[in-house]
Amino acid sequence: MLPLESALNQLKKAADLIKLDTNVLEILKKPNRILQFSIPVRMDNGTMKIFDGYRVQWNNARGPYKGGIRFHPKADLNEVEALSFWMTIKCAAVGIPYGGAKGGVTVDPKVLSQGELERLSRGYANAVREIIGPEKDIPAPDVYTTPQIMAWIMDEYSKFKGYNVPGVVTGKPIEVGGSQGRGVATAQGGFYILEKIVEKLNIDPKKTSVVIQGFGNAGYNMADFCFHAGYKIIGISDSKTAIIDKTGNGFDSHEIIKIKEKKGIVDVCECQEIQCSCQNHAHITNEELLKTECDILILAALENQITKDNVGEIKAKVILELANGPTSSEADEKLFEKGILVVPDVLANAGGVTVSYFEWVQNLANYYWTEVEVFQKLKKIMVENFDEAWKIKEENKTDLRTAVFALALERLALAIKARGVV
Ligand code: GLU
């Protein structure tokens, strides 16, 4: 199932639950604007390559468009549309004053040199410069885009305007207006939600096994938070391999992080210089990792990982979505029937955009906060909106995704009606 189809099924289900005004529903089914363009990039060997780029602005009833830019070989329009729709829901679900957007470039950034990556990023900024800006649309990092890329985009946009505009993108390095805490914010927000889940289900972290799919910014930091809180991490993966613990003690996140930094892969087995053992784990496929028996499965990779094809074999008790769209809408139904609690992306990974919001506020005010202040404010937002969504779930005996969507849709409907659009 294509991501956009899943996304629109989720919308329909929540709209039915709250009897959303049909005109509001019609508005939310479509993006406000799609910009599709090509980015010519001079490669290091002198040849020219043309990359496909996108920016989809889904809805801005609640504020400027907001959402990341993804550099990925499989990025395409359907995916970027779905992601921009989810940003609309996400920002409304945590009550931050933004609409939703997303960008993408179909590229494998891992094969580009730094110079090529910089020219591509500046090319992207030039292609979208008329439609972005602190009051219009504020991009940010997403899969395979980094603070450095945000700095280039900010620099290119500032050159176009003729003055410094830090608030045009978030997720920047601290030196050029980034916020304290933004680097770990997605995982930190997800961890606050995990703490709420543990509290609701009355389980002990020390007796809880965790499997984490994905070792990018979100997965990597989540592994660290979980390890320090005493959870037992029994399986982990990156885009190249997956490993499963054989000792029963779980993985030490420091060891995995060290290996990943050194070798670019979570392959503890082949390490030589730093201490590690080859006996303590086994390699499995990504598919096997998802089917591992565990308490909490954290999805921190890409869309469509749990689908109608593998949902029957999922043995986790809770699924926490740090990635966007990792569970298809068909799989969702089955998980609900099986009693598996899914903590949806639009809440679980909203910590990233929430600290992006703080970054933008700090840029506009030119006044910067400490990390402690950032995390206090983040926790409050995550916990309060979780509590509201949980209440909706209990009252309506529905799944948590539909409850979070319901919360977001009520807020979107109020804004759309207040403006007199409907
Ligand atoms: N790409 C992240 C997300 O999907 C962050 C977006 C942002 O900070 O604007 O939520």
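For ligands, and for the atoms within them, numbers begin at 1 and follow the listed sequence. Nothing here was measured: the structure is a model prediction, and the numbers come from that model.
With sequence neighbours left out, Lys13 forms a side chain to side chain contact (heavy atoms under 4.5 Å, CB included) with Glu333, Asp399, Thr402.
A side-chain hydrogen bond (donor to acceptor under 3.5 Å, both in side chains) check over residues 73-84, counting only residues at least two apart or in different chains, returns the pairs Arg70-Glu79.
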Step-by-step salt bridge (Lys or Arg N to Asp or Glu O under 4.0 Å) determination, Lys196 to Glu199: CA-CA 5 Å; Lys196 290 297 295 183; Glu199 183 192 307; 3.5 Å; yes
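Counting only heavy atoms from C-beta outward, the side chains of Phe215 and Ile256 approach each other to under 4.5 Å. Considering only heavy atoms from C-beta on, Ser356 stays 4.5 Å or farther from Ile138 through its side chain.
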Please list, one pair per line, the donor and acceptor atoms closer than 3.5 Å that link side chains of residues 94-111 to other protein atoms, with sequence neighbours excluded.
{"unit_1": "Lys102", "atom_1": "NZ", "unit_2": "Asp142", "atom_2": "OD1", "d": "3.0"}
{"unit_1": "Thr106", "atom_1": "OG1", "unit_2": "Ala75", "atom_2": "O", "d": "2.8"}
{"unit_1": "Asp108", "atom_1": "OD1", "unit_2": "Lys110", "atom_2": "N", "d": "3.1"}
{"unit_1": "Lys110", "atom_1": "NZ", "unit_2": "Tyr144", "atom_2": "OH", "d": "3.0"}
{"unit_1": "Lys110", "atom_1": "NZ", "unit_2": "Ser239", "atom_2": "OG", "d": "3.4"}

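Closer than 4.0 angstrom to ligand 1 sit non-hydrogen atoms from Lys66, Gly67, Gly68, Met87, Lys90, Lys102, Ala140, Pro141, Asp142, Arg182, Asn324, Gly352, Val353, Ser356.
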